[in-house]
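None of the values given here were measured: they were computed from a predicted structure. Residue numbers start at 1 and run along the sequence shown. Excluded from the calculations below are hydrogen atoms, water molecules and symmetry mates; all remaining heavy atoms, backbone and side chain alike, are included.
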Amino acid sequence: MSILLTGAAGQLGRELTREFVRQKAAPTGGRIGGRIAGNPLLHEALRGPIFGVDRKPSPAACDEAIVQDLSDLDATEQQLARLQPRVVINAAAWTAVDAAEDNQTAAFRLNAELPGMLARWCGENGAFLLHYSTDYVFDGQASRPYTEADQPHPASAYGRSKRAGEEVVLESRCRHVVLRSSWLYSAHGQNFLLTMLKLAAERSELRVVDDQIGCPTWARNLARASRLVLEKQLGAPMTSGLMHYCDGTVSSWYGFAEAIFAAASAAKLLDQRPQLHSVASSDYPTAAPRPMYSVLDTATIRKRYGVKTPPLEASLTACLAELNKGK
């Protein structure tokens, strides 16, 4: 039994590879980080290879790293036919939100057509599909956390492309779970955390939007939640469907920046903290509109799968410790 991971070189893909390779290395019934390591069926699945597929080589420890342009759907389907995975984890996506406005064909290719092809292949070949989506499928007009039952209404091309990808997976015949998440950050890739640290080294003052509200989420926590979901799916199959996962702290981008600089200063990653100024979204125009409020309700995944949603401070401290270690 094998796992194929698309987007293996991205920030989420790298964390997923790390999580499943650690699980693979643990003996059945053993412990990882003080907790029981998975179920026997997942362990059995991981005895097979983990294939990482991306347009650039994955730096993570896949059994085989395959360089493949995932927008070439025919070539990607040929890889599926060759590898015959039993589990497909789709972490590949067009994530450049503003650039999607002028590159809608390319964005829809990766965010809608690719998951559609993966879902069709999985349905025809008895494989399970885990697919990721985003809080940007909502327009941000709510005043309470969005549940899985709320009707999406994306306000940007990026959001529309991700919603189209959700729909094609949810309507497919394959066994699947779609996980929506938000505001991902990690010690690698391109994300708000690394951008803030870079700007802090260059400027003494920074202006950050303070009226967009969401939940910053460490990609490693999303990877851990994904493993728990997959354990349950392989151990006692449940109904396919949609769930939300994000970390447990609600914040604005300004509040997130404050937390980053406080934690980075404590970790001695900053020589000096820049002065932060809060601004309105109207003072910082972007090509694509952002949801003003995109907090996701995580009650379903917490109750059904026992997933925890850690607070920002603890996750940020752990992420920065890893970043510091790698410097």
By salt bridge (charged side-chain N to carboxylate O under 4.0 Å, His left out), E148 pairs with (sequence neighbours left out) none
Going by salt bridge (charged side-chain N to carboxylate O under 4.0 Å, His left out), name the residues that satisfy it together with E202, two or more places apart in sequence or in a different chain. K198
Rounded to the nearest 0.5 Å, the CE atom of M243 sits from the CD1 atom of I301 at a distance of 5.0 Å
What is the minimum heavy-atom distance between S156 and A288, and which atoms define it? CB-CB, 4.0 Å
For P85 and A127, work out which heavy atoms get closest and say how close. O-CB, 3.7 Å
Check residues 307-319 and write down every donor-acceptor pair under 3.5 Å in which the side-chain atom is one partner and the other belongs to a residue at least two apart or another chain.
unit_1 : atom_1 : unit_2 : atom_2 : d
S315   : OG     : N221   : ND2    : 2.9
S315   : OG     : P311   : O      : 3.3
T317   : OG1    : E313   : O      : 2.8

Quick one: salt bridge (charged side-chain N to carboxylate O under 4.0 Å, His left out) pairs with a partner in residues 248-266, sequence neighbours left out? none
To the nearest 0.5 Å, what is the distance between CZ (R180) and SG (C246)? 12.0 Å
Do R220 and E322 have side chains that approach each other closer than 4.5 Å (heavy atoms only, starting at C-beta)? yes
Counting C-beta onward and ignoring hydrogens, is there a side-chain heavy-atom pair between L130 and S226 closer than 4.5 Å? yes
Suppose we screen for ring-ring contact (aromatic ring centres under 6.0 Å, His included). Which residues come up paired with F138, at least two apart in sequence or across chains? Y146
Sort and list the pairs that fulfil side chain to side chain donor-acceptor pair (under 3.5 Å) and have at least one residue in residues 204-216, not counting sequence neighbours. E205-H277, D210-S252, D211-S281, Q212-W253, Q212-S281
Candidate pair F128 and V177, rule side-chain contact (heavy atoms from CB on, under 4.5 Å), full reasoning: CA-CA 8 Å; F128 176 84; V177 166; 3.9 Å; yes
Rounded to the nearest 0.5 angstrom, the OG1-CG distance for T134 and L179 is 12.5 Å
Does anything in residues 128-144 pair up under salt bridge (charged side-chain N to carboxylate O under 4.0 Å, His left out), and if so which pairs, sequence neighbours excluded? R144-D150
With the side chain counted from C-beta on, respond yes when V295 and C215 share a heavy-atom pair under 4.5 Å apart, and no when they do not. yes
Answer yes or no: is there a side-chain heavy-atom contact under 4.5 Å between V208 and Y284? no
Close side-chain approach of E231 and Y305, heavy atoms under 4.5 Å: no
Step by step, would you call F192 with I260 a side-chain contact (heavy atoms from CB on, under 4.5 Å)? CA-CA 10 Å; F192 185 78; I260 289 169; 3.8 Å; yes
Using salt bridge (charged side-chain N to carboxylate O under 4.0 Å, His left out) as the criterion, list what pairs up with E113, not counting sequence neighbours. R109
Hey, what do you get for CH2 (W218) to CG (L193), rounding to the nearest 0.5 Å? 11.0 Å
Do F20 and V87 come within less than 4.5 Å of each other through their side chains, counting heavy atoms only? no
Test: salt bridge (charged side-chain N to carboxylate O under 4.0 Å, His left out). Region: residues 71-81. Which pairs qualify, not counting sequence neighbours? E77-R120
Quick check: do Y132 and S181 have side-chain heavy atoms less than 4.5 Å from each other? no
Just checking, any donor-acceptor pair under 3.5 angstrom between side chains of R302 and T298? yes
With sequence neighbours excluded, give me every side chain to side chain donor-acceptor pair (under 3.5 Å) pair touching residues 88-101. T6-N90, N90-H131, D98-R290
Heavy-atom pair with the smallest gap, counting every atom of A200 and F261: CB-CE2, 3.6 Å
Cluster partners of V97, using ILVMFWY side-chain heavy atoms under 4.5 angstrom, listed by chain and number? Y136, Y158
Shortest non-hydrogen separation from S186 to A219 and the atoms involved: CB-CB, 4.1 Å
Is the shortest heavy-atom distance from the side chain of T76 to the side chain of Q68 under 4.5 Å? yes
If you round to the nearest 0.5 Å, how far is CZ of R175 from CD of Q233? 5.0 Å
Do L80 and L110 share a hydrophobic cluster (ILVMFWY, side-chain heavy atoms under 4.5 Å, transitive)? yes
The salt bridge (charged side-chain N to carboxylate O under 4.0 Å, His left out) partners of R163 (sequence neighbours excluded) come to E166, E167
